[in-house]
Amino acid sequence: VKDRSEWAGQNPVDFTEVNSGTSFEMIWSLYNTGVTTWTTDYSYQYWGGSEECMLYSPSKIYYLTTPVAPGEKVRIKVPMTAPLVTGTCQQTWVMVNADGQVFWDPFDVTLIVK
């Protein structure tokens with residue numbers, strides 16, 4: 001497979017409790033498990049989530065800041081703010097190659113806003 005990613009971890013972990021209105025940095029660790037190097041033309045993008053309880057980020061598209069060779073791990077970051085609505089919030093993000101093609105596996109976060 002030309003482009004492929006594998007989730008390796010995240011911070012905060014799923015089901016972490018956050019206070020409504022709190023700003024935080026969401027960090028995912030991913031392995032490049034494909035055969036091509038991810039360049040700075042590759043991005044990670046918002047794919048979907050809980051409409052009733054959205055986590056807010058300043059952008060829905062972020063580009064890699066350094067190349068990631070096959071077999072290497074990268075930490076990607078998204079600044080977020082918990083909504084004022086309480087409840088379970090979930091978002092899904094995906095990697096997108098330089099040609100604009102989404103490749104899997106998606107990665108997500110589920111947090112409890114209180």
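Just the heavy atoms: all of them, side chains too, but no hydrogens, waters or symmetry mates, feed the values below. Residues take their numbers from the sequence shown, with the count starting at 1. All values derive from a computational prediction rather than experimental measurement.
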Exercise: identify the closest heavy-atom pair between [X] and [Y]:
{"X": "T81", "Y": "S23", "result": "OG1-OG, 3.1 Å"}
{"X": "I27", "Y": "R75", "result": "CD1-NH2, 3.5 Å"}
{"X": "V13", "Y": "L111", "result": "O-CD2, 3.7 Å"}
{"X": "N19", "Y": "A82", "result": "O-CB, 3.6 Å"}
{"X": "Q91", "Y": "D108", "result": "O-CB, 2.8 Å"}

Next item on the list: Could I get the full list of side-chain hydrogen bond (donor to acceptor under 3.5 Å, both in side chains) partners for Q45, not counting sequence neighbours?
Entry: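 Q45 satisfies side-chain hydrogen bond (donor to acceptor under 3.5 Å, both in side chains) with S43 once adjacent residues are dropped.
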Next item on the list: For D41, check side-chain hydrogen bond (donor to acceptor under 3.5 Å, both in side chains) against everything at least two apart and list the hits.
Entry: none
Main-chain N/O of [Y] paired to [X] side chain as donor or acceptor, under 3.5 Å:
{"X": "Y46", "Y": "V94", "value": "no"}
{"X": "S29", "Y": "A8", "value": "no"}
{"X": "D3", "Y": "G34", "value": "no"}
{"X": "D99", "Y": "Q101", "value": "no"}

Taking side chain as C-beta onward, heavy atoms only, is [X] less than 4.5 Å from [Y]?
{"X": "T88", "Y": "T110", "answer": "yes"}
{"X": "P12", "Y": "M26", "answer": "yes"}
{"X": "W93", "Y": "V78", "answer": "yes"}
{"X": "C89", "Y": "P83", "answer": "yes"}
{"X": "L30", "Y": "I76", "answer": "yes"}

Note to self: With ring pair (Phe, Tyr, Trp, His ring centres under 6.0 Å) as the test, pick out the partner of Y62 among Y44, W28, Y42.
What the structure shows: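 The residue from Y44, W28, Y42 that satisfies ring pair (Phe, Tyr, Trp, His ring centres under 6.0 Å) with Y62 turns out to be Y44.
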Note to self: Distance check, rounded to the nearest 0.5 Å: M95 atom CE versus N97 atom CG?
What the structure shows: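 Spacing of CE (M95) from CG (N97) equals 9.0 Å.
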Note to self: To the nearest 0.5 Å, what is the distance between CZ on F103 and OG1 on T36?
What the structure shows: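 Reported to 0.5 Å precision, the distance equals 7.0 Å.
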Next item on the list: Indicate, with yes or no, if the rings of W38 and Y63 have centres closer together than 6.0 Å.
Entry: no
Check: Is the closest side-chain donor-acceptor distance between T92 and Q90 under 3.5 Å?
Finding: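 Per modelled atom types, T92 and Q90 side chains form a pair under 3.5 Å.
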Notebook entry, point to check: Between the side chains of T86 and S20, is a donor N or O closer than 3.5 angstrom to an acceptor N or O?
Noted result: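 Short answer, no.
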Note to self: Is there a path of hydrophobic side-chain contacts, each under 4.5 Å between heavy atoms, that joins V109 and I112?
What the structure shows: no
Notebook entry, point to check: So if you build clusters from Ile, Leu, Val, Met, Phe, Trp, Tyr with side-chain heavy-atom gaps below 4.5 Å, do V68 and W7 land together?
Noted result: yes
Notebook entry, point to check: OH of Y31: more than 12 outside heavy atoms within 6.0 angstrom?
Noted result: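 12 or below, so no.
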Notebook entry, point to check: Which residue, N32, V74, T37, forms the side-chain contact (heavy atoms from CB on, under 4.5 Å) with P67?
Noted result: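 Testing P67 for a side-chain contact (heavy atoms from CB on, under 4.5 Å) against N32, V74, T37 leaves exactly one candidate, T37.
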